[in-house]
Amino acid sequence: MPAKRKPLISGNWKMNLNHFEAIQIVQKLSYLLKKDDYAAVDVTVHPPFTDLRSIQTVLESDRIPVGLGAQNCHWEEKGAFTGEVSPAMLAKLNVGHVITGHSERRQLFCETDEDVNRKVKAILKYGMTPILCCGETLEEREAGTTEEKVSSQVRAGLAGVGADQVATLVIAYEPIWAIGTGRNATPEDAQAVCKAIRGVVSEEAGTEAGSSVRIQYGGSVKGANAAELLAQADIDGALVGGASLDPEDFARIVQSAHSA
Ligand code: PGA
């Protein structure tokens, strides 16, 4: 069996924590994570835009090997797009990973698959890594259309992206019914969908890209349930919402990624 990919644990803080609170969380996290953790696991945090500069400064000045991430961006470099933030601006802050197509953006802010595809390309163009999110609703799961839904989101998100670039990106499988609900998919169900996603990537961009792409699971991941999810063959990490606001629980998730 080929070696598993290096796990990536990402904290999606959503619309929480002002820049003072954010600095405290990162400092606490840096006391909890050790050399061994960073050697075995990649870790990113995704604060709100207003916190990015402060967190960048703390990570760089204290040499904390946690990657800086963002939660969204526009696809244009600049222009008359009131309220938007461009990928060029994020790249200038040394942002490495940008979440795109999160179900909250799709559902609450009407983002389409086409928007997500534009964002994926723009994030790559500025040298950053997209974390492309996909996931089904409870109705879709009950109707047995999970794989169909997730596959079509992944195909649309990757349209026109070269195989070399596909190999470097991250896909997050987040069943919508599991986000913030305390109800997570069983490790077996999550594994089955992540395996199907890897199959879709292989069909679209070749088997090399399929075996290199990192696939995260997201949806009510906590210290208490992370190990069994992360032990699955096609799950290479987690996109963590609520639990990422608690540095101790987030550190526990990181640590279960290398005991997994
Ligand atoms: P949750 O959120 O961990 O709070 O369920 C996950 C996400 O939306 O990325």
Side-chain angles (χ1 to χ4, degrees), residues 7-17 21-22 25 29 41-49 51-52 66-73 95-111 116 119-120 123 129-138 140-141 146 149-150 153-154 157 169-187 189-191 193-194 197 214-230 232 235-257 260:
L8 171 66
I9 305 294
S10 302
N12 173 13
W13 294 354
K14 308 192 180 185
M15 198 173 71
N16 294 292
L17 308 176
E21 296 163 335
I25 296 277
L29 190 62
V41 183
D42 290 331
V43 182
T44 62
V45 291
H46 298 252
F49 290 133
D51 301 354
L52 285 174
V66 166
L68 185 61
Q71 300 173 18
N72 179 35
C73 68
V95 165
H97 291 75
V98 186
I99 298 170
T100 188
H102 190 281
S103 61
E104 287 152 16
R105 303 278 335 154
R106 294 179 189 261
Q107 291 192 319
L108 305 173
F109 302 96
C110 308
E111 275 190 16
V116 175
K119 292 182 184 200
V120 166
I123 294 162
T129 302
I131 298 181
L132 167 63
C133 300
C134 59
E136 82 286 4
T137 62
L138 187 57
E140 288 162 340
R141 170 151 291 261
T146 297
K149 165 73 176 297
V150 165
Q153 286 180 324
V154 172
L169 54 74
V170 181
I171 297 178
Y173 165 56
E174 300 201 300
I176 296 169
W177 49 270
I179 296 178
T181 57
R183 237 188 109 179
N184 62 291
T186 65
D189 285 347
Q191 159 59 21
V193 182
C194 292
I197 291 171
R214 289 197 281 188
I215 304 179
Q216 296 177 314
Y217 167 79
S220 299
V221 176
K222 301 181 199 58
N225 61 21
E228 48 179 6
L229 287 157
L230 294 166
Q232 303 300 312
I235 301 182
D236 308 314
L239 182 54
V240 185
S244 71
L245 302 173
D246 173 350
E248 286 185 3
D249 210 31
F250 190 63
R252 228 171 276 136
I253 296 170
V254 172
Q255 281 145 4
S256 36

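Numbers here are sequence positions counted from 1. Whatever order the structure lists them in is the order used to number ligands and atoms, beginning at 1.
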Stepwise salt bridge (charged side-chain N to carboxylate O under 4.0 Å, His left out) test for Glu136 and Lys149
CA-CA 6 Å; Glu136 82 286 4; Lys149 165 73 176 297; over 6 Å; no
Does Gln216 form a side chain to side chain donor-acceptor pair (under 3.5 Å) with Ser10? I'd like the steps, not just the answer.
CA-CA 9 Å; Gln216 296 177 314; Ser10 302; 3.0 Å; yes
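Close N/O approach between Gly219 and ligand 1 is not found [any backbone or side-chain N/O within under 3.5 Å]. Of the N or O atoms in Gly180, one or more lie within a sub-3.5 Å distance of an N or O in ligand 1.
At the shortest separation from atom 3 (O) of ligand 1 among protein heavy atoms lies Gly241 N, 2.8 Å. Nearest to atom 9 (O) of ligand 1 among the protein's heavy atoms is Glu174 OE2, 2.7 Å.
In the vicinity of Gly242, heavy-atom distances shorter than 4.0 Å reach the ligand 1 atoms 1 (P), 3 (O), 4 (O). Near His102, the atoms of ligand 1 lying under 4.0 angstrom from a non-hydrogen atom of the residue are 7 (C), 8 (O), 9 (O).
When all heavy atoms are compared, the tightest approach of Ser220 to Thr181 is OG-N, 3.5 Å. Between Pro175 and Ala185, the closest heavy-atom pair is CG-CB, 4.3 Å.
The shortest heavy-atom distance from Ala243 to ligand 1 is not under 4.0 Å. Remark: distances from the non-hydrogen atoms of Ala178 to ligand 1 include one below 4.0 Å. At least one heavy atom of Lys14 lies less than 4.0 angstrom from ligand 1.
No more than 12 heavy atoms of other residues, nucleotides or ligands shown are found within 6.0 angstrom of CD on Glu248.
Contacts of Asn12 with ligand 1, taken as heavy-atom pairs under 4.0 Å, involve the side chain alone. Here Ser244 has no heavy atoms under 4.0 Å from ligand 1, in either its backbone or its side chain.
Contact of the Trp13 side chain with the Ile25 side chain is registered, since non-hydrogen atoms from C-beta on lie closer than 4.5 Å. Counting heavy atoms from C-beta outward, Ser244 and Val45 have side chains that stay 4.5 Å or more apart.
Checked options His46, His102, Lys119; the residue passing with Asn72 is Lys119 (criterion: side chain to side chain donor-acceptor pair (under 3.5 Å)).
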